[in-house]
Amino acid sequence: MTSASRAGARRTVFAVVLLAMGATAFYVSHQRQARLPASPPRPPSSRPGLMKIEHVVFIIKENRSFDTYFGTFPGADGATQGQTSDGRFVKLEITPDETPYDIGHTSGEAIEASNHGRMDHFDLIRNGNLSNYLLPYTHMTEAQIPNYFRYARAFVLADRMFSSLNGPSFPNHLYTVAAQSGGAINNPGPSETWGCDADDDQRVDVMDSAGNVTAQPPCFDFQTLVDLLEKAHVTWKYYAPPQGSFGYQWSTLDAIRHIRNGSLWNQNVLSDTRFVEDARNGHLPAVSWLVTGEASEHPPYSTCRGENWTVEQLNAVMNGPDWNSTAVFLTWDDFGGFYDHVPPPSVDQFGLGPRVPLLIISPYSRRGYISHTNYEFSSFLAFVEKRFGLPALTKRDQAANNMLDSFDFDQRPLPPLILRSRTCPHFTRTWWHLTHWTAKPQQIHVTQ
């Protein structure tokens, strides 16, 4: 064999060896990759932005203005005095834990109290001035609602949260699910059963686009946020007192015919007592509403007991497995007749109504932040729609600020704030009547 032939043979052998080594390496590498476990999914805390929120909770309580709860909160736009119809400026006295009676807060009374933005006719509404006792011109101190102040310091307090409508509970609760009230501007009457379960003689004031008001049955059939959630296969629940219990009147889906009379009512509308269990056990849906009865803080019921109930609900969320992916919006449905000094913006013929408190509680709330952005109940819908890619229901939620300015999704998640219930003051309404006023109030019973 010549030297050239020997060199060629060596090159052939070398090439075969390299080819075999490469094939072996490929096989080993391929087998190693096949044996490696798949990369685990990224935890929720590493998802970008709003997608970190997987559970949205909307807690709606009753009948307090911003000034009557947070008028003394440092840095917030609050007031400790208010003007009356005769031009006087009066100091806001202390609101008793249980009020001696309810205050007027119908649509007409909300408009009267605001007085074209002057905010000086709260003494002219029903029970606004009884024997010179000005219950609307009272407020609570931090010592009376310490846990609400603690939530405000730890998370977000919004001082530009307005009720959606000049009026009471029924229409405002409808805004919390539909960004409209179907034109309803007041509570139904004459009985205290509302919605599609109302008696045949039950009627509610409904205002049309021309401003004409007619009395109609309080059972409507327009689209709501739950319809959008259903269509998008997003889970939801509405927690409220069951039929026959005080607080059932605030179970607002009862006023939507296709929900009340359909399968969703039995599947998704649950007792308010179920919320704590679901929160503790990680069974919260993507979106939930929560209302309650005597713990709602609706006058004359105790604010202290209502705050304790709220603490119990929030402790359940924070102790449960869903805290790190939850946003809670805690608000009050209307001003309840209590003084507030900020004129509501006018966005349409229905509102906005007077300011109400709003606390935004989440691991991604901007810690200790006071939001000065205008919000209303439709802002909650706008937040949910943004998070889950849903269309707007009405012009209201389409235009509403979606509250994202109150979140920082890049911050280290805030830890739970577990609070303790407190001992509530003993109150005897007879003692209050004997020592503070002698005139008979026009309406003692709860008017929602």
Please tell me whether [X] and [Y] form a close aromatic pair, meaning their ring centres lie under 6.0 Å apart.
| X | Y | answer |
| --- | --- | --- |
| H298 | W250 | yes |
| Y148 | W332 | yes |
| Y375 | F383 | no |
| Y339 | F66 | no |

Fit a plane to each ring of F380 and F58, take the angle between them on a 0 to 90° scale, and name the class: parallel (under 30°), tilted (30 to 60°) or perpendicular (over 60°). parallel
Ring geometry between F70 and F73 (parallel below 30°, tilted from 30 to 60°, perpendicular above 60°): perpendicular
With a distance cut-off below 6.0 Å to the six-membered ring centre and an angular limit of 45° from the axis, does R260 pair with W265 as a cation-pi contact? yes
Out of curiosity, L165 CG to S181 OG, how far, rounded to the nearest 0.5 Å? 5.5 Å
Pair [X], [Y]: side-chain N/O donor-acceptor within cut-off below 3.5 Å:
| X | Y | answer |
| --- | --- | --- |
| D278 | Y239 | yes |
| D405 | S371 | yes |
| W236 | E230 | yes |
| S65 | D67 | no |
| D123 | S85 | yes |
| Q313 | T310 | no |
| H372 | D77 | no |
| N172 | D333 | no |
| D397 | T394 | yes |
| D408 | Y369 | no |
| D97 | S302 | yes |
| E297 | Y69 | yes |

I'd like to know whether S169 forms a side chain to side chain contact (heavy atoms under 4.5 Å, CB included) with E62, so could you lay out the CA-CA distance, the side-chain angles of the two residues, the decisive distance to 0.1 Å, and finally the verdict. CA-CA 8 Å; S169 295; E62 295 293 315; 2.8 Å; yes
Measure from the side-chain N and O atoms of [X] to the backbone N and O of [Y], and report whether any donor-acceptor pair falls under 3.5 Å.
| X | Y | answer |
| --- | --- | --- |
| N147 | R420 | yes |
| E376 | S378 | yes |
| N129 | N132 | yes |
| D221 | H258 | yes |
| E294 | Y301 | no |
| T326 | D322 | yes |
| E112 | A110 | no |
| H55 | P285 | yes |
| K61 | G306 | yes |
| N308 | R422 | yes |

Hey, mind stepping through F155 and Y364 against ring pair (Phe, Tyr, Trp, His ring centres under 6.0 Å) and telling me if it holds? CA-CA 9 Å; F155 301 103; Y364 301 101; over 10 Å; no
Answer yes or no: is there a side-chain heavy-atom contact under 4.5 Å between P300 and E98? no
Is there side-chain contact between N212 and M207, with heavy atoms separated by less than 4.5 Å? no
From CA spacing to verdict: side chain to side chain contact (heavy atoms under 4.5 Å, CB included), F335, N63: CA-CA 5 Å; F335 78 119; N63 292 43; over 6 Å; no
Lys/Arg-Asp/Glu bridge criterion (N-O < 4.0 Å) met for D348, R396: yes
Look at E54 together with R387 and state whether they make a salt bridge at an N to O cut-off of under 4.0 Å. no
Heavy-atom closest contact ([X] atom, [Y] atom, distance):
| X | Y | result |
| --- | --- | --- |
| E385 | A392 | OE1-CA, 3.8 Å |
| N127 | D102 | ND2-O, 2.9 Å |
| F170 | P218 | CZ-O, 3.8 Å |
| T138 | T68 | O-OG1, 3.0 Å |

Apply side chain to side chain contact (heavy atoms under 4.5 Å, CB included) to the pair L174 and Q180, showing each step before the final yes or no. CA-CA 6 Å; L174 284 168; Q180 65 159 307; over 6 Å; no
Return all side-chain donor-acceptor pairs below 3.5 angstrom for residues 286-293, not counting sequence neighbours, or 'none' if the list is empty.
from: W289; atom 1: NE1; to: T176; atom 2: O; distance (Å): 3.0
from: T292; atom 1: OG1; to: D272; atom 2: OD2; distance (Å): 2.8

In sequence, state the C-alpha distance, the side-chain angles, and the governing distance for R153 and E142, and then conclude on side chain to side chain contact (heavy atoms under 4.5 Å, CB included). CA-CA 12 Å; R153 287 194 170 92; E142 181 174 1; 2.6 Å; yes
Could you give me the CA-CA distance, side-chain angles and deciding distance for D86 and R88, then say whether salt bridge (charged side-chain N to carboxylate O under 4.0 Å, His left out) is met? CA-CA 6 Å; D86 58 5; R88 292 182 299 140; 2.9 Å; yes
